[in-house]
2 protein chains.
Amino acid sequence: MPGHHPARSRRTTERKGDVRERAILDTCEALLAQQGYDAMTVGDIAQGAGITRGALYFYFGSKQEVVTALVARTVEHLWERSRATAQTDEPRQAIAAAMRRTVELWNEHGLVMRTAIDLSLTVPEIGELWSHTADLFITAIATVLERAGVQAGTEPEQASAMARALCWMIERTFYHASQESCEELQKASSTCEHIWLISAGLIT
Amino acid sequence: MPGHHPARSRRTTERKGDVRERAILDTCEALLAQQGYDAMTVGDIAQGAGITRGALYFYFGSKQEVVTALVARTVEHLWERSRATAQTDEPRQAIAAAMRRTVELWNEHGLVMRTAIDLSLTVPEIGELWSHTADLFITAIATVLERAGVQAGTEPEQASAMARALCWMIERTFYHASQESCEELQKASSTCEHIWLISAGLIT
DNA sequence: GGTAAAACTCGACGTTGTGTAGACTTTCTG
DNA sequence: CAGAAAGTCTACACAACGTCGAGTTTTACC
C-alpha cells in the first residue's frame, strides 16, 4: 500500500521501497507482539525497520495505516488459504476440515487477528476488512448447516442466523484461547466443533 | 474511586465531590456514545462535567481510571441484577429467563459493555472486571447444562468448556447486535437461546 | 462562630508522540 | 548524462497527557 506513488510497473528487480515496506510491516508485527498497539510508537517501528520517522511517513500516512496494511496482508493470506482448502460435501468432514484450518490460521496469525479484532471499532478500514472476512466464514458455515438439514433462511432459528452466532463463538473462543497456548487452542477447537456438530443435528 | 482521600465515613449529606464524581462518570458515558474512547479527551470530559482538566485529575488519575470507574459502576449493576433474578431449576425456564435478562442488560448498558470489551486488552483493570463478570455467566450456564444432562467436567466436550464457548457466543453476538438496533438484539437473543437449548439437548 | 484541616479548584508547565515541510541524496529511465 | 522519480533526513508545529504549587471553599471540631 505505497499510497503515494502510482501502481508500480512490472519489474524484475525489486525496488528498495518494497523491501523497506516489508521491513516496516514485519517490524510492526514484532512490536505488536512485544508491546501491543498503544505502547508501540511510529518511532519504534521506524527504528526497527532501520529508518527514521520521517522516512516511514513516506510509505504510510499514519500508524493506523501501517497496521491496516499489516492486517490486509494477513487477511489476504487467510482468504488464499480458505480458497485452497478442498471442498467436501459431507458435513462432518467439512466441519472437521474447517476447524483444523481455523486452528492453523490462529496458530500462525493469532496476534494479527487479535489486533484486527481489537481495532475493528476504532479503525474503520480494519473493521471493513475483518467483517468481510467474517462474512466469508459465516456463509461457509451456513452452507454446511443447510447441507446437514438445517432449514435455510435468515430467521433467528434458521441457518444464516445460526451460522452468524457460531462464527462469533468461534472467533471469540479462539481469540481468548490463542492468548493462552497451543493446547488451549486445540481444546477450544474441540469444543467449538462439538457445538457446531450438535447445532447441525449431526450428533445428539 | 476517589483514590486520594481515604474511605469516606458514613454521612447524611452528600459531599460536593460525590456529585462531581458522578457528573464526570455521566459525562464520560455520554461522550463515549458520541465520539468513542479514542476521540474523547480528558478536556472534553472535564468541560462536560463543568470543571477544568486540573480539577478532574483530583478525582481520577487518568483517562483510563475514569473509564475504569464507569465500567466498575456498570458491572456492579450487572452483578446486582444477576443476583436479583429468580433462580429456577427447570433448565428451559432458566435459559429463557437468562436470555431475557441479557437482552435487558445490553439494551440498558450496551455502550459501556462494548467499551469494557474493547478496552479489556489495553486496560488490565477493566479486563479483570470483565473476565470476572464472564466467569459468573459461564458458571451459571454450566450449571444449567449439567442440570439438563450434559456431563459435568472441564474436558472439551463437557459442561464447563461448552459453557465458556456459549458465553463467548452470546457476548459477541450481542456485542454486534447492540450496535444495530433493539430488533437485532431480540433476534440475536432468539438465535443464541436456540443454540443453547440444542447444546443442552433440550431440543433436537 | 471561629479556625485549622480537608476537600476542592485552577492556570501554567514539561513531556511525549503525532503528523508535516522542505531540503537533500540516491536510483531509475531515456 | 541529465532530469525525474523515489527515497531519506532534520526540524518544526501541534495536540493531549499528566504534574505542580498556589489559591479557594467546605467541613469538623472546639
Side-chain angles (χ1 to χ4, degrees), chain A residues 1-28 31-32 34-69 119 122-123 125, chain B residues 1-25 27-28 31-32 34-70 119 122-123 125:
Chain A
M1 192 176 286
H4 304 242
H5 25 73
R8 225 161 259 158
S9 55
R10 174 170 320 286
R11 356 182 354 93
T12 53
T13 109
E14 205 174 29
R15 275 193 199 282
K16 198 162 149 197
D18 293 336
V19 177
R20 282 263 187 273
E21 203 172 309
R22 230 195 350 266
I24 292 172
L25 260 36
D26 291 342
T27 305
C28 178
L31 289 176
L32 227 36
Q34 287 172 29
Q35 344 183 322
Y37 179 78
D38 288 334
M40 173 184 75
T41 78
V42 308
D44 293 338
I45 304 175
Q47 189 176 356
I51 53 177
T52 61
R53 269 167 27 79
L56 189 145
Y57 278 102
F58 173 76
Y59 294 98
F60 300 98
S62 67
K63 180 178 167 183
Q64 294 195 343
E65 262 188 38
V66 176
V67 180
T68 303
L119 296 180
T122 46
V123 186
E125 287 249 21
Chain B
M1 192 172 290
H4 305 242
H5 25 72
R8 225 162 259 156
S9 55
R10 173 172 320 287
R11 2 185 344 98
T12 53
T13 110
E14 206 173 30
R15 275 191 197 284
K16 196 163 151 197
D18 294 338
V19 177
R20 282 261 186 273
E21 204 171 309
R22 231 196 348 267
I24 292 172
L25 259 36
T27 304
C28 178
L31 288 176
L32 227 36
Q34 287 171 29
Q35 345 183 322
Y37 178 78
D38 288 333
M40 173 184 75
T41 79
V42 221
D44 293 338
I45 304 175
Q47 188 176 356
I51 54 177
T52 62
R53 266 166 30 79
L56 190 147
Y57 277 102
F58 173 76
Y59 294 98
F60 300 98
S62 68
K63 182 178 166 183
Q64 294 195 345
E65 263 189 36
V66 177
V67 181
T68 302
L70 176 60
L119 296 180
T122 46
V123 186
E125 287 249 19

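By convention in this document, chain letters (A, B, ...) are assigned in the order of the sequence lines, proteins followed by strands, and residues within each chain are numbered from 1.
For T52(A), the side-chain atoms get nearest to dC9(D) when compared with the rest of dG7(D), dC9(D), dT18(C). Across dC10(C), dG18(D), dT8(D), the shortest atom-to-atom separation from the side chain of S62(B) is found for dG18(D). Each of dT18(C), dG18(D), dT8(D) was ranked by its minimum atom distance to the side chain of K63(B); first place goes to dG18(D).
Between Y57(B) and S62(B), the shortest heavy-atom contact is CE2-CA, 4.0 Å. When all heavy atoms are compared, the tightest approach of M40(A) to Q35(A) is CA-OE1, 3.4 Å. Taking both residues in full, the closest heavy atoms of F60(B) and E21(B) are given as CZ-CG, 3.7 Å, listed atom of the first, atom of the second, then distance.
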task: Starting from the C-alpha separation in whole Å, work towards a yes-or-no answer on side-chain contact (heavy atoms from CB on, under 4.5 Å) for Y37(A) and K63(A).
output: CA-CA 9 Å; Y37(A) 179 78; K63(A) 180 178 167 183; 3.9 Å; yes

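Q47(B) places its CD atom 14 Å from the C1' atom of dA16(D), with the value rounded to the nearest Å. Regarding R20(A), its CZ atom lies at a distance of 11 Å from the P atom of dT27(C), rounded to whole Å. Per the geometry, OH belonging to Y57(A) stands 4 Å off P belonging to dG19(C), to the nearest Å. As rounded to whole Å, 15 Å separates atom P of dA16(D) from atom CG of L56(B). Separating the CZ atom of F58(B) from the P atom of dT25(D) is a distance of 16 Å, rounded to the nearest angstrom. What separates CG of D38(B) from P of dA16(D) is a distance of 12 Å, to the nearest Å. Per the geometry, CD1 belonging to I24(B) stands 12 Å off C1' belonging to dT9(C), to the nearest Å. dT18(C) atom C1' lies 12 Å from atom CD1 of I45(A), rounded to whole Å.
For dG19(C), its base sits under 3.5 Å from the side chain of R53(A) at one donor and acceptor pair at least.
In this structure, Y59(A) reaches the dT8(D) phosphate: one of its side-chain N or O atoms is under 4.0 Å from OP1 or OP2. In terms of phosphate contacts, T41(A) brings no side-chain nitrogen or oxygen within less than 4.0 Å of OP1 or OP2 of dG17(C).
Sequence order on DNA chain C of the closest nucleotides to G54(A) and A39(A) puts A39(A) first from the 5' end.
Partner of I45(B) under the side-chain contact (heavy atoms from CB on, under 4.5 Å) criterion, out of L56(B), V67(B), L25(B): L56(B) alone.
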